[in-house]
Amino acid sequence: MHPTPPYHFDLTAGFATFFQGRYGGDIFEEGILHKLLDVNGHLCLSRVHSLGTVAAPELEVELTGPILNNSVLDAARQQIAWILGIEQDLTGFYRLVKEDDALASLAEAMRGLHIPHVASIYEALVLAILGQQISSHVAQVLRTLLIERYGQSLDIDGVLYRSFPRPDALASAGVDGLHALGFSVRKSEYIWEISRQVTSGTLDLEGLRARSDEEVAQALIALRGVGPWTVHWLFIRAFGRTDGFPYGDLALCRIMGQLFNAGTPFTPEQALDYSRRWSPYRSYVTAYLFAAKRSGYAFPSV
DNA sequence: GGCCAGGTTCGCT
DNA sequence: AGCGAACATGGC
C-alpha cells in the first residue's frame with residue numbers, strides 16, 4: 001500500500017491509538033498496528049507496519065481471519081486505507097501554514113501526520129459522546145470496558161483481539177447495561193437510543209456521507225447527545241472532511257490561547273473567529289494541534 | 001477533599 | 001436568548 005507522501009506511519013497510527021499502546025481493541029506496539037476489522041460482518045485481523053519512509057511511504061498489510069474470500073480481503077484493505085488516511089494530500093494545508101510561524105514549525109515537527117479515520121460513523125458517534133466532558137484517561141477506560149464487554153472478539157494464535165461493538169449489541173445492552181459500565185444514565189440513554197435507531201434502520205448514518213456539511217449537521221444535531229462539537233469532531237475523524245472545527249472544545253481553546261493569545265485561553269467565539277483564516281483546512285490544524293499537545297510538544301508563546 | 005476534564009441537555013429567568 | 005446545574009469518574 002502506497003500512501004500519498006509525505007506520510008508518517010508512526011505518528012498517524014499513534015494518533016489513531018491515542019498514544020502508542022493499547023486503545024480499546026487496537027494495539028500499536030513496536031511499529032505494528034494490530035486492529036480487528038469488522039468487514040461486512042466478517043471479522044478480520046489486520047497487522048500493518050511501515051516498509052518505507054516519510055518521503056517514500058509504503059505499508060505492508062497482513063490480513064488473517066476465518067473467512068477470507070477476495071471480496072472480504074478487498075473490503076478490508078479499503079477499510080485500512082481509510083482508517084490510516086493514506087489518500088490524504090497535505091500540500092494545501094502545508095502551504096497554508098507557512099504563513100504562520102507557530103503553525104509552520106509545528107507542522108514541520110509532525111510532518112507526514114495524516115488524520116486517521118474511524119471505521120464507521122456509528123463508532124465515531126458513540127466514541128464522541130463517550131468522550132464528552134470527561135478526561136481523556138477516563139474516556140479510555142470507558143472505551144475499553146465497552147469494547148471488552150460488548151465488542152466482537154476473535155482468537156488468533158491464542159491472542160484475543162476485539163473490535164468495536166455492533167449497534168445491535170449496544171441496543172440490546174440497554175441503558176442499564178451501559179450504565180453498569182460507568183456511563184452516566186444520560187450518556188447511556190444517548191448511546192442506546194442511537195444504537196436502536198441504527199439497528200432498526202430508522203437512522204442511516206453511513207448514508208450521510210453523500211450529503212453536504214449542512215445536511216449532515218442538521219441530521220446529527222437532531223439526535224440527543226449530539227451538539228456542534230460532536231458534529232465537527234465527526235467531520236474530522238469520521239467523514240474525512242477537511243474543514244471541521246470543534247466549536248467549544250476546551251482543550252483547543254487553551255492550546256490556541258497559548259499560541260495566539262499570550263497564554264490566555266480563547267473563548268469558543270474567539271477560537272472560531274480566529275480559525276476562519278485556516279479554512280478550508282481547519283480539520284488538519286485541529287488534528288495537528290491535538291497531536292502536538294498529546295506528544296508533549298512545547299508550544300511557543302506569542 | 002475540591003476541582004476539573006477534548007459537551008450537551010434541561011429547567012429556570 | 002442566555003445562564004447554571006447535572007451528569008460520573010479518575011487524577012492532581
Side-chain angles (χ1 to χ4, degrees), chain A residues 14-19 21-24 106 110 113 115-118 123-149 170 173-195 197 216-239 244-261 264-272 274-275 278 282-297 299:
Chain A
F15 192 108
T17 53
F18 219 91
F19 301 109
R22 272 184 178 278
Y23 190 54
L106 193 153
M110 308 251 141
L113 167 66
I115 301 177
H117 296 132
V118 181
E123 176 176 346
L125 188 50
V126 172
L127 290 177
I129 292 173
L130 180 157
Q132 287 167 1
Q133 180 55 20
I134 59 178
S135 68
S136 44
H137 181 78
V138 176
Q140 197 163 2
V141 170
L142 287 175
R143 162 195 309 247
T144 303
L145 288 173
L146 186 72
I147 289 170
E148 287 184 348
R149 177 68 183 78
L170 297 188
V175 174
D176 290 345
L178 296 171
H179 181 56
L181 293 182
F183 290 80
S184 65
V185 172
R186 214 137 81 190
K187 275 190 188 177
S188 302
E189 288 171 355
Y190 300 157
I191 293 172
W192 179 72
E193 282 171 14
I194 289 168
S195 302
Q197 289 189 51
V216 172
Q218 192 183 3
L220 291 179
I221 288 196
L223 303 168
R224 283 184 73 226
V226 180
W229 178 87
T230 303
V231 168
H232 279 263
W233 193 238
L234 260 63
F235 280 158
I236 298 171
R237 294 299 310 282
F239 287 91
F245 186 77
Y247 175 83
D249 187 299
L250 194 55
L252 192 54
C253 286
R254 284 198 296 245
I255 296 170
M256 288 177 63
Q258 274 189 335
L259 281 174
F260 310 115
N261 200 30
T264 308
F266 271 148
T267 65
E269 276 306 326
Q270 286 176 313
L272 183 62
Y274 198 92
S275 78
W278 301 323
R282 284 183 279 188
S283 294
Y284 292 101
V285 177
T286 305
Y288 271 64
L289 289 175
F290 280 136
K293 188 196 81 163
R294 287 183 198 172
S295 74
Y297 180 82
F299 291 103

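Residue numbers start from 1 in every chain, and the chains themselves are labelled A, B, ... in the order their sequence lines are given, proteins ahead of strands. As a basis for the values below, the full set of heavy atoms in this structure was taken, side chains included, without hydrogen atoms, waters or symmetry mates.
Phosphate proximity of B/dG7 to A/Q133: present, with a side-chain N or O under 4.0 Å from OP1 or OP2. Phosphate proximity of C/dA6 to A/S184: absent, as no side-chain N or O sits under 4.0 Å from OP1 or OP2. Between C/dG11 and A/H137, a contact under 4.0 Å exists linking OP1 or OP2 to a side-chain N or O.
Here the two rings, on A/F299 and A/Y297, have centers that are under 6.0 Å apart.
Closest approach of A/F15 and A/P116 over heavy atoms only: CD2-CG, 3.5 Å. Closest non-hydrogen pair, A/W229 versus A/P246, comes out as CD1-CB, 3.5 Å. Summarising the geometry of A/L145 relative to A/L181, their closest heavy-atom pair is CD1-O, 3.4 Å, with the distance given to 0.1 Å.
Here the side chain of A/H179 is nearest to one of C/dG10, C/dA8, B/dA5, namely C/dA8.
As rounded to whole Å, 14 Å separates atom C1' of B/dT8 from atom CG of A/L220. Atom pair A/I194:CD1 and B/dT8:P shows a separation of 12 Å (rounding to whole Å applied). Separating the CG atom of A/L181 from the P atom of C/dT9 is a distance of 10 Å, rounded to the nearest angstrom. Per the geometry, OH belonging to A/Y190 stands 11 Å off P belonging to C/dA8, to the nearest Å. If you take CZ of A/R294 and C1' of B/dA5, they are 15 Å apart, rounded to a whole angstrom. As rounded to whole Å, 14 Å separates atom P of B/dT8 from atom CG of A/L130. Atom pair A/K187:NZ and C/dA6:P shows a separation of 17 Å (rounding to whole Å applied). Computed from coordinates, the A/R143 CZ to C/dG10 P distance equals 17 Å when rounded to whole Å.
Here A/V185 lies in heavy-atom contact (under 4.0 Å) with sugar-phosphate atoms only. Nucleic acid contact class of A/L252 (heavy atoms, under 4.0 Å, all strands): none. Residue A/P228 is classed as a sugar-phosphate contact, given heavy-atom separations below 4.0 Å to backbone atoms only. Counting non-hydrogen atoms under 4.0 angstrom, A/L223 reaches the backbone sugars and phosphates but no base. Across all strands, A/K293 comes closer than 4.0 Å to base atoms (heavy-atom distances).
Taking atom P in both C/dA8 and B/dG11, the straight-line distance is 16 Å, to the nearest Å.
Comparing A/R186 and A/S135 by the nucleotide of DNA chain C whose heavy atom lies nearest to each, the residue mapping closer to the 5' end is A/R186. The residue among A/Q132 and A/R254 whose nearest nucleotide of DNA chain B is located toward the 5' end is A/R254.
Contact annotation: the side chain of A/H232 never approaches that of A/Y247 to less than 4.5 Å [non-hydrogen atoms, C-beta and beyond].
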